[in-house]
Amino acid sequence: MEYTVSEKAFSNRDVYIGNFKGILPHGNGNYTWSDGTVYEGDWEEGKMTGKGKLIWTSGAQYVGDFSGGYLHGYGIFTGCDGSFYQGSWRMNIQHGMGKKQYCNSDIYEGSWKEGVHEGNGRYSWNSGNAYIGSWKGGKMCGRGIMKWANGDLFNGFWLNGLRDGSGVYRFADGGYYFGTWSRGLKDGKGTFYPVGTKHPSLKKWCSSLDYCNDGTSLSGLLNSEESRAQPSVKRSFSEKLSISGLLRNSSRISHKAMSLDKNWTHCDPSQEFIRYDSLSALSHASEEGQPEAQDNSSVYEREYMQGVLIKERASNYTEISRKSKQRNKIAVMQEKRSCIDIFGAHSRSYYLMLNLQLGIRYTVGKITPVPVREVRSSDFGDRARIRMYFPRKGSQFTPPHYSVDFYWKDYCPMVFRNLREMFKLDAAEYMMSICGDDGLRELSSPGKSGSIFYLSHDDRFVIKTLRKTELKVLLKMLPSYYCHVGEHENTLITKIFGLHRITLKGGKKVRFMVMGNMFCTELRIHRRYDLKGSSIGRSTDKDKIDENTTLKDLDLKFEFHMDKLLRESLFNILLG
C-alpha cells in the first residue's frame, strides 16, 4: 500500500496535513479542529495511535502515548489551571502508577484506578500534612500513616477517609494513645501514655500490622510499583470509529478530546482532599484535649463511645503489661486448641480450605446457568444433591489442583440457589468472596462445640463444620426455613447459603454450612452476646471479661425501647 502526504480540508473547517493510507490518516500527521484543538503525532488507519501531542484551546496539553483515539499508555498532562499529571493512562483516564500535582499544590503519588486513587500512595497537602498508605475509591482506606504539620502522627487503619479500627496516635510532645477508632472518633477501649511514660514497643505493634513506624515498608512498596510506571502501549479495541465517519463529522474526536479537558478542569479531585485535610485537622484538634498526667509513672486505661470518654482508670505500665501478656497467652492457647482439628495438622486444614473453594466454585458455576424455577418437594432432602470427584490431576469436569483427592457433595443445590437470590446475593460476588485469591482464614471456636470456623477475606461469610446429626436437623428444617424466608423479606434469621460435604481418602467426611456474618458491619461492636434463651449456666465470670469476651443471657442488662411499628413488624416475624 502506497503512503501519500497531502493536506485535506473538511466542510466543518477541520484540517489534516500528513500521511494517508488510502483515504485514512496513517503515519505521521497534524490534525487541527475548527475550535483550535491540535493533535500532532502518529496515526494508524484513521485513529490517533502511537506517540503524539494534543493541545486544547484552553491551554491544556497532553504529550505521550495514544491508542485507538484515546490517551492510553504513558503520558504527561498539563491542565489549564496549572495542575500536572505524569503517569499511566487507560482510555483517557488515569490508571496505573502516576503522580499528580493539583492546582492548590497538593501532590498525590501512587496507584490510580479509573481516575481515582486506589492501592498504595502518598498524598501531601499544601498545609504540610501528609498521608502514606492504602487507598480505595479515592479515599484513605486500609493501613496508613497520617502525619500532621505540627508533628502529631497516627499509625493505623482507615475507612472512607477516616480513622477506623486499631491504631496508635503519637502526640508531638511525646505522648501516645493506643486504641480503636470508628468513623474518625475514638471508640472502644484504649490506653493513654503521657510524656515520659514507658509504653509498649512500637516496633512490635507495627510489625503486627505489616509495616514500620516510619512507613518505610509502605514507601518501599510504593517505590517498587513506581518502577513499573511506564507500561507498553496497547491498542484499545473498545471503540472503533471508521475514518469515513471521522471525515464526515470530524468533530466527534474533538468532542471526545474536549470532554477530557473539561472534566479535568471542572472536576478537580483535589477539592475532595481539601475536605479530608480539614476533617483531619478538626479530628487532630480534638486530640489536643488529652489531659496531661502530672505523675509520669501513671498511664490511663480509657473507654470511649463515639468520641465521648465514658470510663477512665489510672494504672501503671507494669499492670497494663501484665494484662496484655495474659490476653496474649489466652489467645495463643485458643489458637493451639483450634489447630488440633479433625485433620491433626495445619497442612491438612489448609487442604480443607482449598477443597471448600474448589467445591463451591464448581457448585455455583454449575447451578447458576440453570433457568430459575419454583422449588419442588424433590429439591429437598439428602437425595437432592450434586456429587463430583476432584482428583488432583483434574478430570473432564474438574480442574487440576494442589490439594488432595476428594469427593464433593452439595446438598439441595436448587433450594440454596433460590435462597441466595432471595437474600439478594449475586453468584459472582459469592464466588469471589469465598473462592478468590485471598482465600479463607481459620478462626478459633468461641464455643464448646469443637467446630472449625472459617471466615471469608471480606468478612461477609462464615463457614462452620457440622456433625452428621446437625446436618440432618438442618435438612429436616430446610422446607420450613425456605418458606419463612420467602414470607418475611426482612427476617432476622441467620442467612444460610449452602450445605456441603467433603469426603477424603480413608472415608473421613467433613460436613459444613456457609452462612452470613452478622458482625460484618462498619459500626463499632462494643459488646457481643451469645443468647440461647436459657438462664442455666448463662452468665460470665466478671474477672474473665475483657473487650473480646462473648457474653451470655444473664449478662444482658439492657431495656430496648423500639418504635411501635418496628416492634409490631419484629413480632410478626418472630410469631409468623
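Note that the numbering runs from 1 along the sequence shown for the chain.
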Requested in this report: Show your working on side chain to side chain contact (heavy atoms under 4.5 Å, CB included) between F390 and N355 and close with a plain yes or no.
Outcome: CA-CA 9 Å; F390 283 78; N355 295 350; over 6 Å; no
**Report entry** R373 atom CZ, neighbour heavy-atom count above 12 within 6.0 Å
**Finding:** yes
Hey, can you pull the donor-acceptor pairs under 3.5 Å for the side chains in residues 496-504, sequence neighbours left out?
{"residue": "H500", "atom": "ND1", "partner": "D410", "partner atom": "OD1", "Å": "2.7"}

Query raised in the report: Do other residues, nucleotides or ligands put more than 12 heavy atoms under 6.0 Å from M562 CE?
Result: yes
Query raised in the report: Can we call the ring centroids of W158 and Y131 under 6.0 Å apart?
Result: yes
Report task. Verify whether the ring centers belonging to W181 and F154 lie closer than 6.0 Å. Result -> yes
Query raised in the report: Between the side chains of D555 and Y529, is a donor N or O closer than 3.5 angstrom to an acceptor N or O?
Result: no
Requested in this report: Please say whether more than 12 non-hydrogen atoms of neighbouring residues, nucleotides or ligands are located less than 6.0 Å from CD1 in I536.
Outcome: no
**Report entry** Residue pairs passing the salt bridge (charged side-chain N to carboxylate O under 4.0 Å, His left out) test where at least one lies in residues 411-426, sequence neighbours excluded
**Finding:** R417-E421, K424-E489
Report task. May I ask you to say whether D530 pairs ionically with R528, meaning some side-chain N is under 4.0 Å from a carboxylate O? Result -> no
Report summary line: Residue set satisfying ring-ring contact (aromatic ring centres under 6.0 Å, His included) with F416, at least two apart, ordered chain then number -> none
Query raised in the report: Is K189 atom NZ crowded by more than 12 heavy atoms from other residues, nucleotides or ligands, each under 6.0 Å away?
Result: yes
Requested in this report: Verify whether one side chain among D187 and T180 offers a donor that lies under 3.5 Å from an acceptor in the other.
Outcome: no
Query raised in the report: For the residue pair Y169 and W148, is the inter-centroid distance of their aromatic rings smaller than 6.0 Å?
Result: yes
